[in-house]
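Letters go in sequence order (proteins before strands), and every chain restarts at 1.
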Amino acid sequence: MDKDEFNRIVRLFYDDVKRVAFVGCKNMFDAEDVTQTVFLKLFYISKTFETDAHIKNWLLRVAINESRALWRNPWKTKVDFKLPENISQVRNERVKQPDVLEAILSLKPKNREVIHLFYFEEYSAKEIAEILGISENTVFKRLQRARDQIEEYILRKKRKRR
Amino acid sequence: MSKLNDEELKQSYQGIMGNMVASEEEKNRVIEICSKENGKGAPKHIGWHISKGAAAVLAVVCGLVLSGGIVWARNRFLINDAFSLNSEVGVEEILQNDDNNVDSIPIENSKVNEERYVYSGEEFTIGDYKVICEGAGYDSALLRGYLFFSFWDKDGNPVDQEQLISTSRSHMGDMTLTRKTMSHFIPLGDDEVNFTFYEIGGMHTIRSGNCLCFTYERLSSKGSDPAQDYGDIKFLVLDKKTTEQIENELQGLLDTELLSVTWDTEKDRPVRNYDLMAIQPEVVEILDKYNPRRIKNIDAAPQIIELPTLKVTVGRLDVRLDYNVNDLDIDSFILRRDDGTEIKFTYDAERWKVEGDMYYLTGSFTIGEDREEVYSLGFVLGKDEKVTIEVDGETY
């Protein structure tokens with residue numbers, strides 16, 4: 001890939017890739033590794049992308065796969081996740097449910113991925129289905145199941161605080 | 001919170017994650033790493049992932065650990081696929097897609113004149129070009145096998161991409177997979193297992209360097225009912241952990257569309273599969289540990305992922321399960337009635353077996369062209385009968 005074009009893409013999509021990697025890895029250091037790997041692959045792939053959206057989809061898909069590979073590693077599965085302070089302590093007027101990230105990170109990876117793509121990236125179910133290589137129906141099911149689990153998690157957390 | 005507000009969830013999540021912004025320094029570092037010395041060093045990084053997968057592919061197919069490791073792999077790693085030369089089929093169709101994406105081309109009109117076996121490392125000539133079979137592999141997750149070939153001109157130079165396409169279009173018509181059953185024989189001594197594959201009229205190509213990768217898809221040795229022998233897909237499921245490790249690598253390889261043979265700059269030729277094997281000691285170690293000679297009844301640990309969609313009609317319950325192929329393994333399927341009695345269906349290599357005389361299974365199983373697998377099962381129920389469904393321990 002042309003170097004200037006590569007620079008542009010890194011600057012444009014780095015944060016998106018890192019976020020989805022973080023959601024996959026639940027660890028900022030691993031997320032950075034994954035992000036780097038993803039862009040390395042982009043640099044060397046001979047694939048032609050039609051649009052930036054196409055590139056982004058590819059990047060997110062590869063990031064998800066890389067994160068999965070990392071997370072499936074037997075010893076990784078034993079590691080508890082820890083939210084970085086600058087993320088866990090974010091409070092602003094938009095954040096009505098501060099436990100939401102923790103709740104999302106407690107989900108199974110496949111549900112986390114769908115939730116992130118839907119709520120943060122605001123992809124449609126169809127787009128998510130294409131990125132993840134699953135059916136739209138499956139996306140809906142995962143979303144529904146994830147929402148239920150998030151709700152349950154937040155409720156449980158609130159009860160504990162009382 | 002009585003009910004999670006969807007908008008609140010979105011806003012909160014975006015509010016938190018939006019704060020995750022990388023510094024310019026971090027981005028610059030990645031750019032620098034990627035482009036450093038025109039990429040030197042980076043291929044090693046990428047190659048690691050490729051090679052892991054490629055080694056795993058080899059390992060999955062051959063059970064290389066069986067003894068002798070790499071040397072055995074190099075010399076005796078057998079494809080043992082029925083392979084034809086001099087077919088009249090024009091494989092131009094196969095190569096119509098000029099990008100590196102996997103694509104499927106029907107070879108309905110294949111006419112096979114000759115059948116033979118091709119072994120890894122074997123060389124033969126097609127037109128003015130020397131073709132070397134670099135190896136083979138099998139991806140049990142995607143139900144696909146791979147055959148790698150490199151192309152060389154008469155002076156021994158690797159054929160470049162453009163030339164490769166042209167060469168392939170001109171000459172690869174001489175070489176196509178047969179439609180007959182292909183078999184992998186894995187020498188397990190007394191426990192020898194014959195794994196049968198069936199080329200279903202789909203063929204894929206991936207190009208890299210001067211290599212072509214042909215893939216074939218496995219459907220069934222019977223041809224008519226793929227479910228009948230589907231279960232032996234688990235042939236190298238040595239145990240769950242091992243399988244996951246291997247398949248993760250395969251999946252990563254495929255998902256990133258980097259399934260190809262990497263270029264060895266030092267040797268100025270594509271990296272051979274057995275070279276890749278050589279740098280994957282952990283794969284050898286894993287397989288050594290789980291020597292398939294010791295494995296008799298191989299089965300995968302169950303994994304169930306998705307909620308079935310239920311459709312109830314009078315006296316009949318249709319259950320449709322959609323899976324990603326990653327989550328392919330189903331061990332058992334249980335229908336549980338209101339009174340607590342249950343009927344368990346056990347999935348095995350031959351068929352879905354029904355335990356219980358009131359119910360019978362009418363389901364079938366198909367392998368789609370994409371990565372979505374669809375299982376449709378039908379159960380005859382008594383009128384107004386209600387059931388819950390448990391799939392691999394999860395109740396719906």
From CD1 (B/Ile31) to CZ (A/Arg11), nearest 0.5 Å = 4.0 Å
key: Heavy-atom closest pair, residues B/Met17 and A/Arg19   = O-NE, 2.9 Å
query = Atom OH of A/Tyr119 and atom CD of B/Gln14: how far apart are they, to the nearest 0.5 Å?
reply = 11.0 Å
remark   = All heavy atoms of B/Tyr13 vs all of A/Ile104, minimum pair found to be CD1-CD1, 3.3 Å
request  = Tell me, yes or no, whether the heavy-atom count around B/Glu25 atom CD, taken from other residues, nucleotides or ligands under 6.0 Å, exceeds 12.
outcome  = no
Considering all heavy atoms, the nearest A/Val100-B/Ser12 contact = CG1-CB, 3.7 Å
message = Taking B/Ala22's backbone N and O only, do any of them form a donor-acceptor pair with A/Asp15's side chain (distance below 3.5 Å, no angle check)?
response = yes
message = For A/Glu50, is the CD atom crowded, meaning more than 12 foreign heavy atoms sit under 6.0 Å from it?
response = no
ask   = Between atom CE of B/Met20 and atom CG of A/Asp16, what is the distance when rounded to the nearest 0.5 Å?
value = 11.5 Å
query = Are B/Asp6 and A/Arg147 close enough, and set up right, to give a side-chain contact (heavy atoms from CB on, under 4.5 Å), and what steps lead you there?
reply = CA-CA 9 Å; B/Asp6 212 43; A/Arg147 277 195 206 105; 3.1 Å; yes
ask   = Side chain, backbone, both or neither: which part of A/Val38 has a heavy atom under 4.5 Å from chain B?
value = neither
inquiry  = Is any side-chain heavy atom of A/Tyr14 closer than 4.5 Å to one of B/Glu26?
reply    = yes
inquiry  = Measuring from atom CD1 of B/Ile16 to atom CZ of A/Phe120, what distance do you get when rounded to the nearest 0.5 angstrom?
reply    = 11.0 Å
ask   = Where does A/Gln144 contact chain B at under 4.5 Å (heavy atoms): side chain, backbone, both or neither?
value = neither
